[in-house]
Amino acid sequence: MSTPKRPAKGRQRGEIEPLPSGSLRVKVYAGIDPISGRRHYITETIPAGPNADKEAEKARTRIINEIDEQRNSKTKATVNRLMDRYLELLDVDKKTRRSYEGYIRNHIRPILGKLQVGKLNGETLDSFYSVLRRCRAHCDGRPYIEKHKTTDPHDCAEQQCKPHVCNPLAKSSIRQVHWCLSGALKRAVKWRWTATNPLAQAETPRPVAADPHPPTPEQAAAIVNEAFKDLSWGMFVWLAMTTGARRGEMCALRLDLLDLENAVLPVKTSISQDGAATEEKDTKTHQQRRIALDQETVGLLRAYLQYRGTKAAELGVKVAKDGRLFSPGFDHADWIKPDTVTQRYRRMCARLGWDMHIHSLRHYSATELIASGVDVRTVAGRLGHGGGGATTLRVYSAWVSEADQRAAGTIGGRMPTPPIKVDISGAPVSTLEPAADNPYQKIAADLRGAITCGALKPGDLLPTVIELKARYGVSAGTANRAIAELKASGLVTASRGKRAVVLAPGEEPDVADVVIIKRKRKAE
């Protein structure tokens, strides 16, 4: 026999139902579900206890307020249903769609698929990302055999069945999963499937730190030399290296758009490959750009086009004026497949003893430009980066720092010598003062310091030779020599039988005394 419902008090909305376990369930009508067309109720279960009635009443009031303020979810649709609808309306190319479908099928649906969209929260999503960081197979941590060799009864040891080893999902893949959820949940908020976006309550997966590995100048030279054994392939590699264009953009370059008179290479489209099928589409950032070419590259392109034209004439084919710059045929009617370029480049680098991808040429172009002092915005424009250089700065920050260090070295070489140096102990020493290797230098340095700081002002008398002898424990000759140093520096003036006087700035010391001091220094 079912337990009777507890009616709502007075004319209040919602019901509080007692459950067999002693707990209470709050149920409030929230309209018609736009997905299923059925009546939609918001429910919440209150644990049994002495204050269960009060807590249930509070929950009922809160739910009613959320409904009145339209902060409640409008449907009980699951994440699986949301992902189906999201993919139906997703406007991306085929290759990107296949990638998204794979992330949703392999990671989102198995863990979150049966949950209601309105019940997702930050804790659930943080736990979800934690599972992906621990194991891409979503295991619960208990050991199991990952894959059996046969479905028949067998001894796993004899069949060499491998036990499961947790392998975390790559950070970049976790970010892709996050963006799939982000796009779907943003639409869910617009469609009123949920009141708030639960991703705002979760921690966004950390971005992958960019770590490009461009070829060294020595490796780049070897790659160019190897590539130019075939002129057509060498021209492709050279142009990719000097312009930094993407692989698909290189394959899409057109003959009729090439402007060698003005040394400009227009980049307007890109070739995308999905399996064996290829198609022409917009560039990655949906932006067109014009890349300036150096004179050496222009000369190589002229030689390349002349060579291709000669070969076409020998074969009796006509070069299409609107054909592709790089083509498998001498008529230039078709484009090269991007995957073909990747495979050929890898094989070439493998012969040279390196494991490199064609994208490394793009990194080489960027890093060399930055290291040469080209500003980041210009580099971003050549590469086709969006964000006014933000992407370039993020990816190539290490090389920007290196270029900054080079700039510091350059400006340092152009600066005048500072009046401070660092001795072997690391202490700063003024180069305006001679090293106190001799007693007279020590006396002269002290007196110079007193004049510089204003302790001895213009017109003041210097201490007498007798006073200097007593203070420093030196002979009269040493004291006189110290005063002569100050005279030679133009700080004081003195004559025979008279005490030295501090000079005002711009006053000239006695010329004869200066000549004598210089002769003494030269003799030493």
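Here the structure is a predicted model, which is why all the values come from computation and not from measurement. Counting begins at 1 with the first residue of the sequence.
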query = So, Asp282 and Lys268, do they make that salt bridge, N to O below 4.0 Å?
reply = no

Whether Arg382 side chain and Thr242 backbone form a donor-acceptor pair below 3.5 Å = yes

ask   = To the nearest 0.5 Å, how far apart are CG in Leu185 and CG in Leu125?
value = 7.0 Å

request  = Can you spot which of Tyr304, Trp238, Trp233 makes a ring-ring contact (aromatic ring centres under 6.0 Å, His included) with Phe326?
outcome  = Tyr304

query = Do Glu249 and Arg289 meet the salt-bridge criterion of a basic N to acidic O distance under 4.0 Å?
reply = yes

task = Report the C-alpha separation of Lys337 and Ile271 in whole Å, then their side-chain angles, then the decisive distance to 0.1 Å, and conclude whether the side-chain contact (heavy atoms from CB on, under 4.5 Å) test is met.
result = CA-CA 8 Å; Lys337 291 185 176 181; Ile271 303 301; over 6 Å; no

task = Evaluate the side-chain contact (heavy atoms from CB on, under 4.5 Å) criterion for residues His213 and His363: first the C-alpha distance (whole Å), next the side-chain angles of each, then the deciding distance (0.1 Å), finally the verdict.
result = CA-CA 7 Å; His213 294 283; His363 294 319; over 6 Å; no

message = Applying side-chain contact (heavy atoms from CB on, under 4.5 Å) to His178 and Leu199, what does each step give before you reach the verdict?
response = CA-CA 9 Å; His178 170 77; Leu199 281 177; 3.9 Å; yes

inquiry  = Rounded to the nearest 0.5 Å, what separates atom CG in Leu181 from atom CG in Leu112?
reply    = 6.5 Å

inquiry  = Under 4.0 Å between a side-chain nitrogen and a carboxylate oxygen: does that hold for Glu88 and Arg97?
reply    = no

ask   = Is there a donor in the side chain of Arg247 and an acceptor in the side chain of Thr342, or the other way round, less than 3.5 Å apart?
value = yes

message = Quick test of your reading of the model: are Asp322 and Arg254 salt-bridged, counting only N-O distances below 4.0 Å?
response = no

key: Identified side-chain contact (heavy atoms from CB on, under 4.5 Å) partner of Leu115 from the options Thr78, Thr124, Asn121   = Thr124

note = Rounded to the nearest 0.5 Å, the CG atom of Leu239 sits from the CG atom of Leu300 at a distance of 9.5 Å

task = Give a yes or no answer on whether the side chain of His138 reaches the backbone of Arg136 with a donor-acceptor pair at less than 3.5 Å.
result = yes

inquiry  = With rounding to the nearest 0.5 angstrom, report the NZ to CZ distance, Lys27 to Arg60.
reply    = 15.0 Å

query = Counting only N and O atoms by type, is there a donor-acceptor contact under 3.5 Å from the side chain of Ser173 to the main-chain atoms of Leu169?
reply = no

request  = Please check if the side chain of Thr285 supplies one atom and the backbone of Gly384 the other of a donor-acceptor pair under 3.5 Å.
outcome  = yes

ask   = Is any side-chain N of the basic residue among Glu280 and Arg324 closer than 4.0 Å to the acidic one's carboxylate O?
value = yes

request  = For the pair Ser23 and Ile46, evaluate side-chain contact (heavy atoms from CB on, under 4.5 Å) and give the outcome as yes or no after the intermediate values.
outcome  = CA-CA 6 Å; Ser23 57; Ile46 307 300; 5.9 Å; no

Expected output: side-chain Thr96 to main-chain Val92 donor-acceptor under 3.5 Å = no

Atom of Ala184, atom of Leu82 and distance for their closest heavy-atom approach = O-CD1, 3.6 Å

ask   = Can you name the nearest heavy-atom pair linking Ala312 to Phe330, along with the distance?
value = CB-O, 3.7 Å

ask   = Given side chains that start at C-beta, do those of Ile174 and Lys171 come closer than 4.5 Å, heavy atoms only?
value = no

key: Ionic contact status for Arg344 with Asp230, cut-off 4.0 Å   = yes

query = Rounded to the nearest 0.5 Å, what separation is found between the OG atom of Ser327 and the CZ atom of Arg308?
reply = 6.0 Å

ask   = When you check the gap from the basic side-chain N to the acidic O, do Asp274 and Lys94 get nearer than 4.0 Å?
value = no

key: Distance, nearest 0.5 Å, that separates CD of Glu279 from OG of Ser272   = 5.5 Å

message = Under a 3.5 Å distance rule, please check whether Glu261 uses its side chain to pair with a backbone N or O of Ala263 as donor and acceptor.
response = no

